[in-house]
Amino acid sequence: MRTAIEKAGYASEPVLRDIRFELPPGRLLAVIGPNGCGKTTLIRAISGVLPNVQGECHINGTDLLRADETARARLLAVVPQSTYIPPAFTVEEVVLMGRTPHLNWLGTLSARDTEIAHEAMRLTDVEGFAGRWCSQLSAGERQRVILARALAQDTPVLMMDEPTSHLDLRYQIEFLEITKTLASQQDKTILIALHDLNLAARFGDTVMAMKDGRVAASGSAAEVLTPEHIQDIYGLPVEVFQSPGKQGTIILPV
Ligand SMILES: Nc1ncnc2c1ncn2[C@@H]1O[C@H](COP(=O)(O)OP(=O)(O)OP(=O)(O)O)[C@@H](O)[C@H]1O
C-alpha cells in the first residue's frame, strides 16, 4: 500500500497535509496521536468517503481514490469508529454482508462465502451467538461482530479506527493478536488507529504519530514512542520502560 495524501478535509481548510507512507503486505501500521489530529480523517480519506482528496493510495496496482465502489470494497475493508448495525438482523446476517463485494451477479451466497464468514465469526468469537439479533448485544459484542464482518470481506487491506475501544482487556489483546496473525500469515496490510500507546508499541510493526493533520514521527515503536516525541505530540510528560516480557514498551504518565 503506497499512500500520499497531499490534502484532505471537510471544508475549505484541509485537515490533513502531506501524509505519506508505504506499508508492505504482512505489516501492521499503528496510527497514534491526540484527539482531533486527523486519524479518522486519514481513514476516511483513504476509504473514499471524503470528497476532494488530493493524492493517491495504491493497493495492488489500483489507486483506491479513483476506484469504483466495488473495486474498492474488494481491496479495502474498514472498521469505523462507531457503526450503526440495523437491529433487525442477526449476527450471522451482518457478518455475511461482508461478502457482498464478492457475490456473483445473481447476488447469491456460495458455500465458500458462508465458510469465510464463519471463519471470521470463529476468529472474533461471535459464533456462539450467530442467531441472535444485533439489538440484543453488548457494545463489545457488537464491535466484535463489526470486526467479523470486515474480516469476512477478505480484502488485502484492512483499516480500523479504534477497533478495541469497547473490548475488555482479554478481547483487546486477543483481537490484536488475531489481527497481527492475519497480517503475517495471510499477507494482509493493516492500519489501525489506536489511543493506547502500549498496544500500539506491542502490535505495530510501524508506528506513525500524527499531530495537527501531519506526520510528526514514523518508524519502529522504539523510535517513535520516546518521552521526547510523546511530550511533543501529546504535551504530556511520560516515562518509557522496556519490559523484560514480550509486551516490550510500557508508557506511563509521570
Ligand atoms: N464532519 C466533520 N466536519 C468538519 N470537521 C470535522 C469533521 N469531522 C472531524 N472534523 C475535524 O477534523 C479534525 C480531525 O478530526 P479526526 O476525527 O480525524 O481526529 P482524530 O484524530 O480521529 O480524533 P479522535 O482521537 O478524537 O477520534 C478535527 O479538528 C475535527 O474537529
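As a basis for the values below, the full set of heavy atoms in this structure was taken, side chains included, without hydrogen atoms, waters or symmetry mates. Just follow the structure's listing: the first ligand is 1, and inside any ligand the first atom is 1.
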Looking at Arg142 and Leu137, would you say the former's side chain and the latter's main chain have a donor-acceptor pair under 3.5 Å?
yes
Heavy atoms only: which of Gly213, Gly9, Gly36 lies closest to atom 19 (O) of ligand 1?
Gly36
Please state which part of Arg44 comes within less than 4.0 Å of ligand 1, counting heavy atoms only: side chain, backbone, both or neither.
side chain
Just which atoms of ligand 1 are under 4.0 Å from any heavy atom in Pro34?
21 (O)
Could you tell me if His102 and Gln153 have a donor-acceptor pair between their side chains, going purely by distance under 3.5 Å?
no
Pick one of side chain, backbone, both or neither for how Glu162 approaches ligand 1, counting any non-hydrogen atom pair under 4.0 Å.
neither
Consider only side-chain N and O atoms of Ser165 and Gln81, and report whether a donor and an acceptor are under 3.5 Å apart.
no
Is the shortest N/O to N/O distance between Gly33 and ligand 1 below 3.5 Å?
no
Lys211 side-chain N/O to Gly33 backbone N/O, donor-acceptor pair under 3.5 Å
no
Please confirm whether the backbone N or O of Asp125 pairs with a side-chain atom of Arg144, one donor and one acceptor, at under 3.5 Å?
yes
Which heavy atom of the protein is the closest neighbour of atom 10 (N) of ligand 1, given with residue, atom name and distance?
Tyr10 CE1, 3.4 Å
If you draw a 6.0 Å radius around CZ in Phe89, do more than 12 non-hydrogen atoms from other residues or ligands fall strictly inside?
no
Consider only side-chain heavy atoms of I, L, V, M, F, W and Y, link residues closer than 4.5 Å, and tell whether Ile173 and Leu158 are in one cluster.
yes
Which of the ligand 1 atoms, numbered from 1, are nearer than 4.0 Å to a heavy atom of His195
25 (O)
Of all protein heavy atoms, the one nearest atom 26 (O) of ligand 1 is Asn35 ND2, 2.9 Å
Side chain proximity check, Leu103 to Thr108, heavy atoms < 4.5 angstrom
no
Once you restrict to heavy atoms under 4.0 Å, what part of Val15 touches ligand 1? Side chain, backbone, both or neither.
side chain
Distance from atom 27 (O) of ligand 1 to nearest protein heavy atom, with residue and atom:
Gln81 NE2, 3.2 Å
Proximity flag Gly38 to ligand 1, non-hydrogen atoms under 4.0 Å:
yes
Protein heavy atoms near atom 30 (C) of ligand 1, is at least one of them under 4.0 angstrom away?
no
Under 4.0 Å from a heavy atom of Thr41: which atoms of ligand 1 are those, numbered in the order shown and with their elements?
14 (C), 15 (O), 16 (P), 18 (O)
To the nearest 0.5 Å, what is the distance between CD on Glu93 and SG on Cys134?
8.5 Å
Give a yes or no answer on whether the side chain of Lys180 reaches the backbone of Phe203 with a donor-acceptor pair at less than 3.5 Å.
yes
Please report which non-hydrogen protein atom sits nearest to atom 25 (O) of ligand 1, along with the residue it belongs to and the distance in Å to one decimal place.
Lys39 NZ, 2.8 Å
For atom 17 (O) of ligand 1, which protein heavy atom lies nearest, and how many Å away is it?
Thr40 CB, 3.6 Å
